[in-house]
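A short worksheet on the structure shown next.
Being a predicted model, the structure only gives us computed values, none of them experimental. For this chain, numbers begin at 1 and follow the sequence in order.
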Amino acid sequence: MEELMIAFDDNLITGNDMIDEQHKQLIERIQKFVDACKEGDSKVKAIKMLDYLDEYTEFHFGEEEELQRKVGYPELAQHHEKHNEFKKTIQGLYDYLDENEGPNEQFIQMVKKNVVGWLFGHIKTFDRSVAEFIFIRENPDRI
């Protein structure tokens with residue numbers, strides 16, 4: 001199987017310390033999940049690692065949305081919808097593992113596209129716009 005490195009880098013910095021720290025943690029969990037899948041680990045371990053990822057995703061999305069509520073972010077509803085899309089993706093991974101022997105190459109491709117690709121795109125657009133909104137709100141004299 002091809003090597004897939006999932007790492008937090010400068011392209012993913014939003015400028016909001018809380019969000020950035022949580023993204024680092026989330027990306028670390030995704031890497032551990034993918035590693036477990038690639039090592040041909042059992043279906044049970046893959047599900048456990050997916051639980052680990054799912055649990056942190058729930059926590060992180062909740063924190064992000066709470067922050068957006070607190071600062072009066074105008075696009076909270078759209079952002080929440082995006083988070084729900086991702087939750088459906090995670091559910092789809094559970095379904096796949098449930099219906100198959102365990103993680104295989106096709107499953108890893110799904111994770112790359114629907115988890116890694118989605119998350120990195122989401123951070124660079126949606127999450128960055130939240131951080132920019134907060135920065136502008138907190139630094140009105142900088143405009």
Side-chain angles (χ1 to χ4, degrees), residues 1-100 102-139 142-143:
M1 284 185 200
E2 78 179 79
E3 192 55 39
L4 174 62
M5 271 311 294
I6 305 153
F8 186 89
D9 62 29
D10 290 352
N11 294 321
L12 299 173
I13 292 173
T14 65
N16 181 286
D17 292 342
M18 180 197 88
I19 292 174
D20 288 341
E21 277 310 308
Q22 290 184 10
H23 286 160
K24 286 177 189 168
Q25 175 69 234
L26 190 54
I27 289 164
E28 199 176 289
R29 286 183 185 226
I30 293 169
Q31 182 65 59
K32 286 179 179 169
F33 173 60
V34 169
D35 289 345
C37 292
K38 282 197 314 209
E39 288 161 12
D41 280 345
S42 70
K43 181 174 175 171
V44 173
K45 179 153 184 206
I47 290 170
K48 260 194 194 130
M49 293 307 290
L50 187 54
D51 287 344
Y52 177 69
L53 172 60
D54 186 31
E55 184 183 289
Y56 196 79
T57 301
E58 283 292 325
F59 163 75
H60 172 62
F61 287 170
E63 291 276 298
E64 265 190 7
E65 290 172 19
E66 181 56 36
L67 176 66
Q68 290 172 37
R69 260 188 294 286
K70 233 188 285 181
V71 299
Y73 184 63
E75 293 172 30
L76 171 60
Q78 295 93 310
H79 204 122
H80 179 71
E81 254 328 288
K82 290 289 169 191
H83 286 169
N84 281 342
E85 265 178 32
F86 190 78
K87 289 175 187 178
K88 286 183 186 132
T89 295
I90 295 284
Q91 189 52 56
L93 296 178
Y94 275 116
D95 294 345
Y96 186 95
L97 285 174
D98 195 43
E99 294 161 12
N100 292 278
N104 55 20
E105 186 59 41
Q106 183 185 352
F107 182 77
I108 291 169
Q109 291 307 319
M110 281 171 60
V111 171
K112 274 168 73 171
K113 181 174 160 257
N114 301 335
V115 174
V116 180
W118 183 94
L119 183 66
F120 284 20
H122 180 79
I123 290 171
K124 290 174 186 175
T125 55
F126 284 84
D127 290 344
R128 201 169 273 162
S129 72
V130 172
E132 285 166 7
F133 175 84
I134 293 168
F135 179 81
I136 290 166
R137 197 168 166 268
E138 291 175 353
N139 301 275
R142 296 282 304 261
I143 301 171

Glu28 side chain reached by Lys24 side chain, heavy atoms, under 4.5 Å: no
Output for pair (Glu64 CD, His80 NE2), nearest 0.5 Å, gives 12.5 Å
Query raised in the report: If we only count heavy atoms from C-beta on, is the Val130 to Thr14 side-chain gap below 4.5 Å?
Result: no
So do the side chains of Leu53 and Leu26 get within less than 4.5 Å of each other, counting heavy atoms only? yes
Item to complete: With the side chain counted from C-beta on, respond yes when Phe135 and Asn16 share a heavy-atom pair under 4.5 Å apart, and no when they do not.
Response: no
In this structure, OH of Tyr96 is separated from CG of Asn114 (nearest 0.5 Å) by 12.0 Å
**Study point:** Side chain to side chain, Ile6 and Val115, heavy atoms closer than 4.5 Å
**Key:** no
Value for CZ (Phe120) from CZ (Phe8), rounded to nearest 0.5 Å, stands at 9.0 Å
Apply side chain to side chain donor-acceptor pair (under 3.5 Å) to the pair Glu105 and Gln109, showing each step before the final yes or no.
CA-CA 6 Å; Glu105 186 59 41; Gln109 291 307 319; 2.8 Å; yes
Does Leu50 offer a backbone N or O that forms a donor-acceptor pair with the side chain of Asp54 under 3.5 Å? no
Distance col, row Leu93:CG vs Met49:CE, nearest 0.5 angstrom, shows 13.5 Å
Nearest heavy-atom contact between Cys37 and Phe107 is SG-CE2, 3.6 Å
Checklist entry - Judged by atom type as modelled, is there a donor-acceptor pair below 3.5 Å linking the side chain of Lys43 to the main-chain atoms of Asp98? => result yes
Taken to the nearest 0.5 Å, the spacing of Ile123 CD1 from Gln22 CD works out to 11.0 Å
* Asked: Less than 4.5 Å apart, any side-chain heavy atom of Val71 and any of Phe133?
  -> yes
CD1 (Ile19) and CD1 (Ile134) are apart, to the nearest 0.5 Å, by 5.5 Å
**Q.** More than 12 heavy atoms of other groups within 6.0 Å of Lys87 NZ
**A.** yes
Applied to residues 118-133, the side chain to side chain donor-acceptor pair (under 3.5 Å) test, sequence neighbours excluded, yields His23-Asp127, Tyr73-Ser129, His79-His122, His79-Asp127, His83-His122, Glu85-Trp118, His122-Asp127
Arg29 and Tyr52 have their tightest heavy-atom pair at NH1-O, 2.8 Å
Scanning both residues in full, the closest heavy-atom pair of Pro103 with Leu97 reads N-CD2, 3.7 Å
